[in-house]
Amino acid sequence: MAANQTLRLQNMLNPESRVFEVDRVAAEHSTVIRTILEHFDESYLAENAIPILIDVSDDALAKVCEWVTHWKDLPKAADVVADYSKQGGTHGTANKAEETEEEGTENDVIDSPWNVVFFSGVDAKMLYEILITANYLDIKPLCNLCCEFIATIIRDKPIEEVCNILCIDMEFTITPEQGAAIRDKIIRDYYR
Amino acid sequence: MAIDIRPELQDSLLRVTSRPCHHFAMGVFWTPLRHPPPVRLSVTVPFPTMAIASLGDLSALPTEIVLAICSAMDVTSLFRFRQVNRRARAIVSDMSQYREIAIFAIETLHALLFTRMGSHFNFTQFYDAFRAMECQVCGLFGHLLFLPNLQRCCWKCLRSARTHQQLHVVALADLAKFYPLSEDDLGRILPVVHAAPGIYSEHREIVNEPKKLVSLSDAMRTLGKLGFDPQSFLQRDTNYYTTGCMATTAFPYHDRATGTIEHGTLCRGCDVALNNGSIGAEARLNRAYTTKQFLEHFQSCPEAQNIWRDSREGTIPFENLNVAQTLRSIPWGW
């Protein structure tokens, strides 16, 4: 297998989509692309782009490509499952010291300042698109990262604010007075 | 000597020879409020009416992704997210981890939210602690939760906290007096347990004021990183026990194989052994067992077997036995 082979990805749902060029090592973060690589001829892949069949913008796809390219030396999720015992420093050169422990690597990815920069230029809509793409391509670490990031957005916020941030319709049909009345009734019925 | 116990006699065996761990007797954090059915129900299940409102931005995501986001949230945020609307309520209530905890460990959830520790741990961490069975200090069955670092522990380890530094808890006010940092500063860098006033420890110590507590090992690590000297603080002689009880709460274990919920059982035979001054009785006292562990322990506990024989295989209630009269007069009895 040519490790530094370049793969081409294209969003087939969007006719004007650009073709993204990604290193094979980086693209293997995606379990879906791995499976495609196992089932297609090298010659076919040389001529055709790998189709992506999901309705996301090119910008989001570009972000995902940027992420996998930056973390291409990270142990791949599928490999970790396959040979858990052999795990440790066999894949990458950059973070060799941190790669000795699987958990350590995971935390490093989440806490890495590079990710903070990566997400800082991303607005909410883009974040969801990245998450959908990562989920479609089955890129576990990026998926977890996005989930963590969304969870931190609504962390320690009162309910009203959570609704505002996520554009959720408030559905409260009872007034605070009615709420207090229900609470009083429960206290009266059960605690006295 | 092994005694053959028929399965139908197991219940009466447990009734006669063991006693449950009472939160009150242990003197850990717990609320005397039982959780009445409407409260339990409202915490566990979604509303019966259809969810009409959408989840806003999150509705673009598939449900399994929303669930992944939910398990990445901290406990307090998840609880709050659940209150946003009916759909959020339905999604969170359908999370298997959430449901298991809401059904079996509602008191612990309550304590976690009450002491404001919920915002420091994400839900997966809480659930992992719930799934684990062993005390993180001694490895035996743990039936308590040490709130500052969300670890399962057992009463024995908590009582001998003097020797187990991991279970030491210190008041924020004491730290603030010792180091040139205000309570607010410390509160920002350390997870703080907001413990309620009440009666704590089996010595019935009355605490009149709410207290802010932090884990000693956490505090020392963080202060050490900030360039302060942790050793000088450790040299003071303090009683960590009561504060330890304030930062600990009951944490039942759900045995999936049998479907039972284990609050911890203590052996009455071991109480008798200590009263008789048997060798090694100190070590056995106050050890909590699961039901299965207790039945194994019973086979090797001659005193418990004696009680069983005295009660004529459970036909005489424990309270009417001679041994119960003896135990009543000593402090560690029930």
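Treat the numbers as computed from the prediction; the structure is a model and nothing was measured. Below, chains carry the letters A, B, ... as their sequence lines are ordered, and counting in each starts from 1.
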Legend entry - Under 4.5 Å from a heavy atom of chain B, the part of A/C146 involved: neither
Inset, instruction - First locate atom CD1 of A/I168, then atom CG of B/D57, and finally report the distance between them rounded to the nearest 0.5 Å. - result: 8.0 Å
Inset, instruction - Assess whether atom CZ of B/F228 is packed by more than 12 heavy atoms of other residues, nucleotides or ligands within 6.0 Å. - result: yes
Legend entry - From A/C167 atom SG to B/L55 atom CG, the distance as rounded to the nearest 0.5 Å: 11.5 Å
Inset, instruction - Give me the contact list for residues 65-77 of chain B versus chain A, heavy atoms only, anything under 4.5 Å, ordered by residue number. - result: B/I65, B/A68, B/I69, B/A72, B/M73, B/D74, B/S77
Legend entry - A/R155 CZ to B/N122 CG distance, which is reported to the nearest 0.5 Å: 8.5 Å
Legend entry - Contact origin within A/K157 toward chain B - heavy atom pairs under 4.5 Å: backbone
Inset, instruction - Could you please spell out the steps behind the side-chain contact (heavy atoms from CB on, under 4.5 Å) verdict for B/F81 and A/I159? - result: CA-CA 7 Å; B/F81 177 69; A/I159 298 171; over 6 Å; no
Legend entry - Rounded distance [0.5 Å steps], CD1 in A/I150 versus CG in B/L61: 6.0 Å
Inset, instruction - Give, as side chain, backbone, both or neither, the part of A/I154 having an atom under 4.5 angstrom from any heavy atom of chain B. - result: both
Inset, instruction - Using non-hydrogen atoms and a 4.5 Å limit, figure out which bit of A/I182 sits close to chain B: side chain, backbone, both or neither. - result: neither
Inset, instruction - Determine whether more than 12 heavy atoms belonging to other residues, nucleotides or ligands lie under 6.0 Å from atom CD of B/E209. - result: no
Inset, instruction - Inspect the surroundings of CZ in B/R40 and state if more than 12 heavy atoms from other residues, nucleotides or ligands are less than 6.0 Å away. - result: yes
Legend entry - Rounded distance [0.5 Å steps], CZ in B/R80 versus CG in A/D156: 6.5 Å
Legend entry - Other residues, nucleotides, ligands: >12 heavy atoms within 6.0 Å of A/D55 CG: no
